[in-house]
Amino acid sequence: MYIIPSLLCLPGRCIGSAAEEPRVLCIVQDTTNAKTVNERLTLNLPASTTVNKLYEDVAHKAGYVNGTFCLAWANTGNMAPLDQASEMSLVLSGFEAGKRNFLQLTDKDGEQPQIASDESGTADSSGLEDSSQDRFIGPLPRDGTVGCSSDYSSPSYSYSSILNKSDTGYVGLVNQAMTCYLNSLLQTLFMTPEFRNALYNWEFEESEEDPVNSIPYQLQRLFVLLQTSKKRAIETTDVTRSFGWDSSEAWQQHDVQELCRVMFDALEQKWKQTEQADLINQLYQGKLKDYVRCLECGYESWRIDTYLDIPLVIRPFGASQAFGSVEEALQAFIQPETLDGPNQYFCERCKKKCDARKGLRFLHFPYLLTLQLKRFDFDYTTMHRIKLNDRMTFPEELDMSPFIDVEDEKSPQTESCTDSGAENEGSCHSDQMSNDFSTDDAVDEGICLDNTSSTERVLKPKSSLTFELFSVMVHSGSAAGGHYYACIKSFSDSQWYSFNDQHVSKITQDDIRKTYGGSSGSRGYYSSAFARCVNLCVFAEFLEVEDFPEHIKRLMQREKESEEQEKRQREIERNTCKIKLFCMHPVKMMMVENKLEVHKDKTLREATEMAYKLMDLEGVVPLDCCRLVKYDEFHEYLERSYEGEEDMPMGLLLGGVKSSYMFDLLLEIRRPDQVFQPYKPGEVMVKVHVVDLKSESIAAPVSVRAYLNQTITEFKQLIAQATGLCAETMRVVLERCYNDLRLLYVPNKTLKAEGFFRSNKVFVESSDSTDHQAVFTDSVLWKLLDRHGNTIRLFVSLPEQSPGSLANRTSCPKASADSEDSLEGAKGSRKSVETILEESTEKLKNLSLQQQQQQQQQHQQQSSSTSDSQKSSEHSDFEHIESPAQEPDAASQSSQTENCTRAASDTENQFPSEDRSDSDANNDRSTSSVDSDILSSSHSSDTLCNADSGPLPLANGLDSHSITSSRRSKAHEGKKETWDTAEEDSGTDSEYDENGKRKADSQYLYFKAEPYSQEDGSGEGQKCLLVHVDKRITLAAFKQNLEPFVGVPSTQFKVFRVYANNQEFESVRLNETLSSFSDDNKITIRLGRALKKGEYRVKVYQLLVNDPEPCKFLLDTVFAKGMTVRQSKEELLPQLKDQCKLDLSIDRFRLRKKTWKNPGTVFLDYHVYEEDINISSNWEVFLEVLEESERMKSMSQLAVLTRRWCPAQMKLEAFREVVLESSSVEELKEKLSELSGIPLENLEFAKGRGTFPCDISVLEIHQDLDWNPKVSTLNVWPLYICDDGAVIFYRDSTEELMELSEEERNELMKKESSRLLKTGHRVSYSPRKEKALKIYLDGGPTKDPGQD
């Protein structure tokens, strides 16, 4: 057999007659089955194809019976199926030529498509039937890059399409991910009768080895399936598992010839001491002589090597012209070379160095000859692997007789030599042979070893050394990756077939010739050709099923039974309804979700019993108290019930087999004294929450069914029946979305007109309080509902070293029967909610007035924003939702209300807003995007101050209750600063209009905190709080409310938000609200100085322009708004000395802009932060130590970093800074000429590429850079040098490039590769990390604990 890497220019290139008319690309998603919903069928059809023909082609490719499915447009609102009987062309039917047209394959009349019968077969790999359409022998054309990683990593065919055998009669192999190379080799070995028959004759002994790890046994099973299976394609996972491979190996692509060699070695190891021990050598092994002959005395030293394949180069070393054919490459393979000059050979007979001739001679060709074209090569210029796409022909019959014993000179004397010289490079297997090599074997094959003349050799019969081509392995793609498939000739019918993974199709000789190559592009085909010798009169024939050995017949029977069982299981799955089941569990008190699988013939009663057991309700509730109803999970809506249909089959009840868990059922439970309410289609479900203004509680929801055409009056009567409330005094509030509250007050308006949908939530209140008379947005009801919708629960971990310890504080007293006297007193002192609200408002107004007077005296400006946040999370309607402040004991509530306190100072005074993004606790540069969410505008009405269940112990030892904070600010006249106003920092609307008038007097935001103990045991003594807080509160006010529990002022502790992966990010924007937080979020409080207004954390790095690593982190510091650069340098000096051991003078270092690793603008001493220099949180800056005094005095100057390239020495000099007064190219050249001494007319320069320091190999810099650009200024294309820090290379144009020998070039190349690799710059070629191909004979690799 012989292997020939050849190429075709495009992967998946069509080899039939290509029509010139436009093509329509149809991408079909099969939605009828859960296993196919994520797969796509691709058809590339002529634009004139009719819709009727489209249905036929889809049925043929998907493996369905035509007429049992529908095709509809995807990604559009129109779900009407395409007319199957239409004779209109695709273009006239709305398809677009040259574009992707997305379709969905759906059920027809609620029934799944019928699978085509096994005898009918399916389409071949092209997916087309008639010969007028294109046939593909390569990879199917797809969008995206070439190679397994994109084209073959996921199945592109319907699952049902692999159930039926191809009409060619051959079975394909499923590509696991990137195992196309394995599939090509396996199909070639399967189509080799000598190998397949020998494999069948080997019998596996189960007592000696685990069948899972036996490579020959798994190959045997695979070949039996390939020969007898009725499937279109079968899996190779069992074979790769026997190799010891895990799933990751499926994503590693290897060379097919490398796999062949490794697998042959593994088989030889497994077949030791069996009849098949020498099978590989008998079929594939040849012999050649490696000789050296002295040209003076004729003495010849030689050894005999064996080979399994012959590696043939495409181009001779150093040549640009490739060989034109396999024959030319073979002639070059055996062409001897002369050893002369310094390469002379030491002759043992002459006892001196002599001229000699070294070469190879073929002595014996194997029965199956393999030729490997070495299309993968290494480019020493670019230092990466390449693929050679040159054209190289190979014949259908290859005569090897001209390549036997081509030595023309008669040898006076030849001697055998057994020295272990260097083996041949390439893929030859070189085994040291004995010196008594018999020539009889070679003579039998027509191989002559004696020193006869060339005339005599011509008389040898050519037919004895003629090989017939029967397999070509083709590689499509580049050296970085691609796709393998095989073209194999069947000797039973002399027909060529393309084995392309799961697709098997017929091809012609013309298709084979198209794999010769010749593409100028980067895509082409690498092919390997297998041939067998035709000098034998009788070829081996494949074993038929009736001639199988007994152990193979037993194996075949087991595989047949397994396949039948799999087919029956598939049939069951096709008739199984897969339903998403929900149930409000009476014990767990939560909505439980599960998956219910029930056969379509099972009745609703049987399905209910299955769901009852699936939800573990046995012994909890009786079965007759449960029923299944249709449910909409998204809207939490009960669509309909099934009264009187208990004995109907589920397939009919659900409207067909539901196989993708996209149908929802709810297992509804009733109490024994209740009766199930019928749910009719067209009804809407309403969750009714009863609100009690006195106790400020919101009850659990009650479900009510209503109709959209009902009026509000009728709806109130319905609610009154369900809740027992009075309909006349009832107020009904509809929550439409995101806490959008709407009072339903028009009696004759219908529910539909009010905005009711399938599932709705309403709050009802019926009392005789005067709150009815207030405007709804000013009422206590609205404030209670508003607080309910905006209150979130947070878990706050306090610092362990906090000065105020919760252990020493007063514990919360609990109401009991033993404290009736105190409760009586509390009742007597109870105040109304309105009174508390008025008192609090008056206090805060007085406080605000005092603050305004102080601010006017100090001429300070403070502003804040009042925001209205949207509801971030909605509680489930199945849960009992209760106000965070609700407590059952009225006396306790009375005491709380009386002791309700307010914030003692204006929050914006104590907590100035800061313009900072979040940073994590480890000084990481990443910021929290959540903490900087933009907020929406706020309601202007006051929020209710609610009471808690008892006094909370504070850090100062005082007892407090509910702490309610308020945010208040006033408009200032005159010019406003924009440093950290709410409008700029958080994007919220200002609390004042453009005329300076207040939009709302004040806003009271709810805050309640109570101690709780951690249940996860994450540290003893950890102090924690359970906080209920209005998420519209600012971070500043939130920190102020936490002060009593932390025990230090808010400026002395920081707030960190904890995310799911326990990563912490600091929340620092004090003027932003908690709207980005949601229920049960975790917060950690850490002691430490928080930044003041106008301060920023800054990371300082040292710039070392001539060091291998030019960027070195020094320290973290703080810069403030309004500070000059010199002032910041003065503050840095002691920190640099203490922390970094740098003793610097203030005039001997500078600060400059840092953009990733690139140095930028030089900051001058008089520059002011925020005025001249934009600064932000977690800012980074370079510190550069100067060798002399600062030369940068003005912003009009330009500082560039220059580096001289010396081509005569092949080296780059160190960086030197050049300061320009303008952006003139002429000035730059003058400064460089003055710096280097190069005459101005000879000076050339180029801008560096990439990030600083713009490293480039000295082997490439002379040609790769754009030297001497034709521009007059630096700030234009292609330079675009507008800022400090640009890198400029320059050279003397008269200096010649050093001439390097090959050894010097290789040595320099290694040094440069090592240098560039260490610096991490300019990685010009970065393929994925390749793993060595290994087959493990002991079941798998040994894991190294220290290995990744």
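Seen from the ring of Tyr1101, Lys1154 counts as a face-on cation partner, given the 6.0 Å and 45° thresholds. A cation-pi geometry, defined here as NZ or CZ lying under 6.0 Å from the six-membered ring centre and within 45° of its normal, does not hold between Lys1229 and Phe1245. Both tests do not hold together for Arg1204 against Tyr1290: distance to the six-membered ring centre under 6.0 Å, angle to the ring axis within 45°.
The shortest heavy-atom contact between Asp1266 and Pro1278 is OD2-CG, 3.8 Å. The minimum heavy-atom distance linking Ser478 with His475 is given by the pair O-CE1, 3.4 Å. Contact detail for Phe376 and Arg385: the closest heavy-atom pair is CB-CD, 4.5 Å. Between His254 and Tyr484 the shortest heavy-atom distance is O-CE1, 3.5 Å. Smallest separation of non-hydrogen atoms from Ser1194 and Tyr1166: CA-OH, 4.1 Å. Pro1159 and Leu1103 make their closest contact through CB-CD2, 3.7 Å (heavy atoms, listed as atom of the first residue, atom of the second, distance).
Within the 4.5 Å cutoff, the side chain of Glu1241 has no heavy atoms near those of the Ser1293 side chain. In this structure, the side chains of Leu1132 and Leu1151 come closer than 4.5 Å at one or more pairs of heavy atoms. Residues Ile1288 and Ile1281 have side chains in contact (heavy-atom distance under 4.5 Å, counting atoms from C-beta outward). Residues Phe1289 and Trp1267 are in side-chain contact: their nearest non-hydrogen atoms beyond the backbone lie under 4.5 Å apart. Within the 4.5 Å cutoff, the side chain of Trp1277 has no heavy atoms near those of the Val1271 side chain. Ile1146 places a side-chain heavy atom less than 4.5 Å from the side chain of Glu1130. Using a 4.5 Å cut-off on side-chain heavy atoms (C-beta onward), Gln1139 and Leu1114 make no contact. Residues Glu1307 and Glu1304 are not in side-chain contact: their nearest non-hydrogen atoms beyond the backbone lie 4.5 Å or more apart.
Atoms CD and OG1, from Glu1213 and Thr1202 in turn, are 9.5 Å apart once rounded to the nearest 0.5 Å. Annotation: the span from Leu1198 atom CG to Asp1283 atom CG amounts to 7.5 Å, rounded to 0.5 Å. Atom NZ of Lys1099 and atom CG of Asp1116 lie 4.0 Å apart (nearest 0.5 Å). With rounding to the nearest 0.5 Å, the separation of OH in Tyr181 from NE2 in His483 is 13.5 Å. The CG atom of Asp1292 lies 8.0 Å from the OG atom of Ser1236; values are rounded to the nearest 0.5 Å. With rounding to the nearest 0.5 angstrom, the CE atom of Met1195 is 6.0 Å from the OG1 atom of Thr1161.
With respect to the salt-bridge test (charged N to carboxylate O, under 4.0 angstrom), the residues Arg1305 and Glu1302 do not qualify. The pair Arg1152-Asp1284 does not meet the salt-bridge criterion, since no charged nitrogen lies less than 4.0 angstrom from a carboxylate oxygen. Using a cutoff of 4.0 Å between basic side-chain nitrogens and carboxylate oxygens, Lys1129 and Asp1165 are scored as salt-bridged. Salt bridge status for Arg1150 with Glu1217: present, with a side-chain N to carboxylate O gap under 4.0 Å. Between Asp1147 and Arg1126, at least one side-chain N (NZ, or NE/NH1/NH2) sits under 4.0 Å from a carboxylate O, which counts as a salt bridge. We find that Arg1291 and Glu1244 are joined by a salt bridge, their nearest charged nitrogen and carboxylate oxygen being less than 4.0 Å apart.
A donor-acceptor pair under 3.5 Å is absent between the side-chain atoms of Asp1107 and the main chain of Glu1109, judged by distance alone. When atom types are taken as modelled, the side chain of Lys1247 and the backbone of Leu1279 share a donor-acceptor pair closer than 3.5 angstrom. The backbone N or O of Arg357 lies less than 3.5 Å from no partner atom in the side chain of Thr338, so there is not a single donor-acceptor pair. With hydrogens and angles disregarded, a donor-acceptor distance shorter than 3.5 Å links the side chain of Ser1313 to the backbone of Met1309. Not one N or O on the side chain of Ser1314 forms a donor-acceptor pair closer than 3.5 Å with the backbone of Lys1311. Looking at Gln253, its side chain does come within 3.5 Å of a backbone N or O of Gly482 through a donor-acceptor pair.
Between the side chains of Lys1153 and Asn1174, no donor N or O sits under 3.5 Å from an acceptor N or O. Checking Glu1221 against Gln1197 by side-chain atom types alone, a donor-acceptor pair falls below 3.5 Å. Side-chain contact check for Tyr1096 and Glu1170: at least one donor-acceptor pair (N or O, by modelled atom type) lies under 3.5 Å. For the 3.5 Å distance criterion, the side chains of Thr1117 and Gln1135 qualify, holding a donor opposite an acceptor.
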Before you tell me yes or no, could you show the steps for Met1192 and Val1219 under side-chain contact (heavy atoms from CB on, under 4.5 Å), namely the whole-Å CA-CA distance, both residues' side-chain angles and the distance that decides it to 0.1 Å? CA-CA 7 Å; Met1192 291 288 292; Val1219 177; 3.7 Å; yes
Does the pair Gln1102 and Leu1142 meet the rule for a side-chain contact (heavy atoms from CB on, under 4.5 Å), with working shown? CA-CA 11 Å; Gln1102 185 176 3; Leu1142 287 177; 4.1 Å; yes
Working for side-chain contact (heavy atoms from CB on, under 4.5 Å), residues Asp1172 and Leu1164: CA-CA 10 Å; Asp1172 304 311; Leu1164 305 181; over 6 Å; no
What's the verdict on side-chain contact (heavy atoms from CB on, under 4.5 Å) for Ile314 and Asp377, showing C-alpha distance, side-chain angles and the deciding distance? CA-CA 9 Å; Ile314 303 296; Asp377 203 354; over 6 Å; no
Show your working on ring pair (Phe, Tyr, Trp, His ring centres under 6.0 Å) between Phe1252 and Phe1182 and close with a plain yes or no. CA-CA 13 Å; Phe1252 186 82; Phe1182 268 130; 7.9 Å; no
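Each of Phe1149, Phe1119, Trp1179 was compared with Phe1163 under the ring pair (Phe, Tyr, Trp, His ring centres under 6.0 Å) criterion, and only Trp1179 meets it.
Enclosure of atom CD in Gln1263 by more than 12 non-hydrogen atoms of other residues, nucleotides or ligands within 6.0 angstrom is indicated. Applying the 6.0 Å contact sphere to NZ of Lys1231 captures more than 12 heavy atoms from other residues, nucleotides or ligands. Within a 6.0 Å sphere centred on CD of Gln321, heavy atoms belonging to other residues, nucleotides or ligands number 12 at most.
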